[in-house]
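Below, read A as the first sequence line, B as the second, and so on, with proteins coming before strands; counting in each chain starts at 1. Note that this is a predicted model, so its numbers are computed, not measured.
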Amino acid sequence: MNAPLRRVALAVMVMVLMLLANGTYIQVIKADTYRNDPRNSRVLLEEYSRQRGQISAAGGQLMATVENTTGRLKYLRKYPEGPIYAPITGYYSSNYGATGLEKAQDSVLNGSDPLLFGRRLSDLITGRDPRGGSVQTTIVPKVQQFAYKAMSDKKFSGAVVAMDPKTGRILAMVSTPSFDPNVLSAHDTEAQQKAWGELTKDPKKPSMNRAVGETYPPGSTFKMVTAAAALENGFTKDSPLTAAPTITLPGTNNQLENFNGNRCGGGETAPLIEALARSCNTAFVDLAIQLGETKLRQQAEKFGIGEQGQKIPIGVAGSSLGDIPDKAALGQSGIGQRDVRLTPLQDAVVAATIANGGVRMEPQLVSQILRDVTVLQENDPVRSGTAISSATAATLKEMMIQSESRTAGGGKISGVTIASKTGTAEHGANPKANNPHAWYAAFAPAEDPKIAVAVIVENGGDRGQDATGGTVAAPIGRGVIGAFLGGG
Amino acid sequence: MAESAATTTGPLPGGPPAQPPPTATRRGTELMLLAFAAVLVTGALMLVEINQEQELTNALLYYGAAYLGLFGVAHVAVRIWAPYADPLILPCVALLNGLGLVMIHRIDLAEAERAELTGRVFSADVPRQIMWTTIALVLFVAVLVLVKDHRTLSKYGYTAGLAGLVALALPGILPNVIAPEINGAKIWLRIPGVFSIQPGEFAKILLMVFFAAFLVSKRDLFMAAGRKVLGMELPRARDLMPMLFAWFASLGVLVLEKDLGTSLLFFGIVLVMLYVATERVAWLVLGMTFFIGGCLVAYQIFDHVQVRVTTWLDPFADFFNKGRQLGQALFGLGTGGIGGTGLGAGRPELVPLAKSDFIIAAIGEELGFVGLAALLMLYTLLVMRGMRSALAVRDTFGKLLAGGLSFAVGLQVFIVVGGVTKLIPLTGLTAPFLSLGGSSLVANYALVALLLRISDGARRPAVAAKPVVPQAPIAEAHTVLVERPS
């Protein structure tokens with residue numbers, strides 16, 4: 001019976017080998033898949049056992065903080081002013097991951113970033129509990145709060161982005177309707193699920209960050225870009241353009257008309273400065289076709305339109321001109337329609353670049369990374385290039401001051417000169433059935449710009465089909481400027 | 001003359017017989033290895049305490065000493081009653097048992113912490129497991145003392161068979177009051193507050209004794225050639241009886257007790273013992289045919305089999321419900337990776353049944369693939385030492401029993417580890433010596449005591465053979481007074 005016994009022993013060896021091979025597969029080859037599976041709460045428990053860093057505004061006001069708990073997860077994320085800062089902080093959820101800065105700066109906040117290496121080591125030696133680093137943003141609370149209140153009080157869907165044109169620092173980034181990240185970050189799984197369900201089913205999409213995550217047709221605010229292209233390519237502010245109330249798009253029978261079907265001023269032609277001030281569509285269609293696609297596109301690129309994968313460090317959706325297959329499309333693109341789509345942030349960048357004498361600054365949301373009171377990293381302003389000459393910038397500014405003076409709507413601030421451009425953007429398959437988006441892009445004070453702002457109110461806000469950039473978006477933009485300049 | 005006859009034919013061994021040099025008992029090796037196991041287990045316990053931020057006190061050393069003391073007693077028992085037994089088997093078992101205790105203690109700590117946070121009452125499992133270890137060692141010594149020679153067991157073959165069958169069937173047949181369904185299987189006998197056991201664990205050993213005895217006595221019959229088909233000599237139809245019996249019993253366990261693991265284990269053991277007894281590959285082929293047939297039928301008919309197969313194929317499809325056990329185990333194993341998280345530094349308590357059926361996942365998480373491989377090596381060593389005893393022992397009953405017992409351990413490890421690591425469908429058995437569970441521990445210690453007994457028989461120098469009496473030619477032979485055996 002020894003021969004079969006030997007074979008049985010061999011069979012046991014083979015079984016052990018199979019176990020070892022399978023163990024290698026599970027614990028070596030598939031290990032990372034299992035380790036990083038969102039349903040594997042081990043990593044999460046590990047994360048929650050460390051004190052996560054804070055997110056604060058420019059003055060030190062806390063946007064995201066932590067509380068001790070007695071639960072299975074040791075630390076609870078709290079957002080003192082939840083919905084106001086939600087587009088910036090995002091949420092940090094045990095079931096649904098993270099968004100916003102919580103995601104973009106996760107390695108800093110959870111303490112695993114190489115920047116914090118030294119600190120981790122000293123924690124290990126001194127026996128202190130390891131903690132994450134803190135992120136200080138460029139957000140100015142009073143501006144952010146004002147902008148959020150202005151939008152949400154009127155129940156507007158849309159976004160406000162305010163920037164320092166000289167540094168690119170983002171002073172405010174508001175997206176409405178917003179949501180309360182506290183519930184999503186709560187440790188109560190059922191509460192999380194309920195909040196998640198409501199958030200994802202809400203047709204108004206409160207979880208969407210409209211300021212950087214969504215693109216819209218910019219409408220007439222895009223005329224800043226078209227005018228810049230013209231001035232950079234030999235046109236002057238007095239160059240005559242057609243003043244006709246309607247224009248036939250080349251190669252089609254489609255008529256494109258000015259707002260309310262008006263002529264552009266008194267004469268047969270209107271100078272560029274008046275065309276911009278009056279926001280004449282026919283003049284700019286004419287201008288875009290005269291310039292040609294290449295020049296328009298080049299100018300747009302210099303403003304940053306068409307860049308992909310931008311991070312502030314939150315990811316920014318790519319703005320673009322879209323395909324311009326023919327002259328009709330070119331004309332429409334010149335007035336910010338057709339396939340032109342910008343993020344509100346990009347629109348603010350265009351205004352800020354003009355304000356900054358043509359130098360485009362990289363938009364920044366994070367100013368410092370700290371651990372306790374020690375600054376580990378200071379983010380200096382970054383120039384991303386010269387979009388237009390300072391002369392062109394000066395001319396555009398003059399034109400935009402003219403535009404502001406012709407723009408209706410409330411909220412004008414005495415003693416402050418604003419340079420602005422409004423937009424009323426048609427959108428959707430059947431524009432006449434959809435209420436237009438109302439835009440306002442501006443900077444102030446015109447003589448020494450300290451703030452540039454872009455406002456979009458989706459679908460006409462409270463004015464419906466009658467909405468214009470001037471009546472709906474401008475008062476908010478002016479209010480934001482006032483809130484910033486008012487307190488110095 | 002009379003004197004000379006007395007010296008040559010007397011019952012007492014006379015003058016100095018030509019004895020072979022004494023075989024080394026190697027008990028010293030066993031003691032050294034036990035001490036080594038004690039050091040390892042104490043070290044493991046210390047790591048757990050450090051990583052779980054418990055106080056480090058001298059108590060740890062006392063625990064280590066107590067552990068060594070406990071197995072020291074077993075060692076002394078082996079020294080006295082089975083001095084020639086294999087010196088590696090007991091240390092292997094001691095180390096497995098010790099690591100199991102450390103792991104159960106470690107999960108106790110995690111559960112205690114969770115219970116404290118949620119304000120629930122918590123009672124530790126490790127004291128109970130230590131109590132069971134003690135009881136198991138008492139039984140271990142009792143087996144060594146009572147079974148002086150393993151061959152005597154063959155006389156009780158049918159008794160053991162009957163007892164085993166009853167034990168196997170009991171939980172399935174008895175009403176739920178005393179045989180409740182726990183974690184989906186009806187394999188327990190329980191009198192609340194008094195005791196609860198899994199008779200199946202004991203049935204395993206009793207039935208092996210029966211099969212060894214039965215096969216040895218009927219071996220010649222099975223060896224008789226049957227019909228030859230495709231170059232294989234198939235057994236005669238009536239010789240199929242033990243196989244059919246095993247098949248039905250396995251299916252019975254599957255149906256009445258929903259215990260896939262035991263069913264699989266039991267059938268595998270019978271098949272291998274038949275093969276070893278007859279040396280016929282035909283039995284294996286036949287057995288596998290039966291097995292596959294049984295599987296197909298079971299899969300068609302029983303929900304619980306289908307559920308196991310579905311969750312095996314994709315545990316993550318229904319992770320928050322049926323796939324959670326296996327899914328969590330895989331997450332644990334994956335998080336552990338090659339080197340593990342370190343003893344006491346993982347989250348093995350997230351896996352349901354982490355102390356019993358899934359203790360392998362806990363070890364894989366905290367000691368990593370390296371630790372799991374080492375553990376498998378330990379089991380392999382245990383099985384191989386058992387197999388070696390089977391090869392070395394001289395009687396066929398001993399060979400068959402030792403082979404069966406060793407293979408049983410190996411197969412059980414394969415079923416458990418394979419199930420937890422998604423190699424085969426999860427069937428729910430305990431890891432021998434490692435998992436929480438009194439019945440399993442006590443039964444496996446009895447199994448090991450039998451193995452030691454057989455290995456003792458294998459290595460014991462042959463009792464000094466009666467000196468060969470030079471036979472006088474029959475015509476010259478004296479009449480000799482023959483003593484009546486008392």
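A 6.0 Å sphere centred on CD1 of Ile338(B) holds no more than 12 heavy atoms belonging to other residues, nucleotides or ligands. Applying the 6.0 Å contact sphere to CZ of Phe122(B) captures more than 12 heavy atoms from other residues, nucleotides or ligands. Residue Tyr25(A) places its OH atom among 12 or fewer non-hydrogen atoms of other residues, nucleotides or ligands, all under 6.0 Å distant.
The two residues Ala31(A) and Gly337(B) make their nearest non-hydrogen contact at CB-CA, 4.4 Å. For Met387(B) against Ala9(A), the heavy-atom pair with the smallest separation is CG-CB, 4.0 Å. Of all heavy-atom pairs spanning Glu279(B) and Pro4(A), the tightest one is CG-CG, 3.6 Å. Across every non-hydrogen atom of Leu5(A) and Gly403(B), the tightest pair is CD2-CA, 3.8 Å. The minimum heavy-atom distance between Met1(A) and Leu400(B), with the atom names listed, is CE-N, 4.2 Å. The minimum heavy-atom distance between Gly418(B) and Leu19(A), with the atom names listed, is N-CD2, 3.4 Å.
Heavy atoms of Tyr379(B) lying under 4.5 Å from chain A are absent altogether. Ile424(B) does not touch chain A: none of its heavy atoms, backbone or side chain, sits under 4.5 Å away. With a threshold of 4.5 angstrom between heavy atoms, Leu330(B) approaches chain A through its backbone and through its side chain. Looking at Glu113(B), neither its backbone nor its side chain comes within 4.5 Å of chain A, counting heavy atoms on both sides. Heavy atoms closer than 4.5 Å to chain A are found in both the backbone and the side chain of Val276(B). Using a 4.5 Å cut-off between heavy atoms, Thr396(B) contacts chain A through both its backbone and its side chain. Heavy atoms closer than 4.5 Å to chain B are found nowhere in Thr33(A), neither backbone nor side chain.
Put simply, of Lys422(B), Lys399(B), Arg388(B), Met377(B), the one with the most heavy-atom pairs under 4.5 Å next to chain A is Lys399(B). Interface remark: of the candidates Val417(B), Leu350(B), Leu411(B), Val383(B), Leu350(B) forms the most heavy-atom pairs closer than 4.5 Å to chain A. The most heavy-atom pairs under 4.5 Å with chain B, out of Gln27(A), Lys30(A), Met13(A), come from Gln27(A).
Ring-plane geometry between Tyr34(A) and Phe331(B) is classed as perpendicular, the angle between the planes exceeding 60 degrees on a 0 to 90 degree scale with a lower cut at 30.
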**OP:** Check the pair Phe369(B) / Leu20(A) against side-chain contact (heavy atoms from CB on, under 4.5 Å), numbers first and verdict last.
**Re:** CA-CA 9 Å; Phe369(B) 174 69; Leu20(A) 286 174; 4.2 Å; yes
**OP:** Decide side-chain contact (heavy atoms from CB on, under 4.5 Å) for Met15(A) and Leu376(B); before the verdict, give the C-alpha distance in whole Å, the side-chain angles of both, and the deciding distance to 0.1 Å.
**Re:** CA-CA 10 Å; Met15(A) 278 165 21; Leu376(B) 287 175; over 6 Å; no
Subject >> side-chain contact (heavy atoms from CB on, under 4.5 Å) between Met384(B) and Val12(A), intermediate numbers included >> reply: CA-CA 9 Å; Met384(B) 289 310 143; Val12(A) 173; 4.0 Å; yes
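Arg39(A) places no side-chain N or O within 3.5 Å of a backbone atom of Gly327(B) that could act as its donor or acceptor partner. In this structure, Asn40(A) contributes its side chain and Thr335(B) its backbone to no donor-acceptor pair below 3.5 Å.
Annotation: the span from Met18(A) atom CE to Thr421(B) atom OG1 amounts to 10.0 Å, rounded to 0.5 Å.
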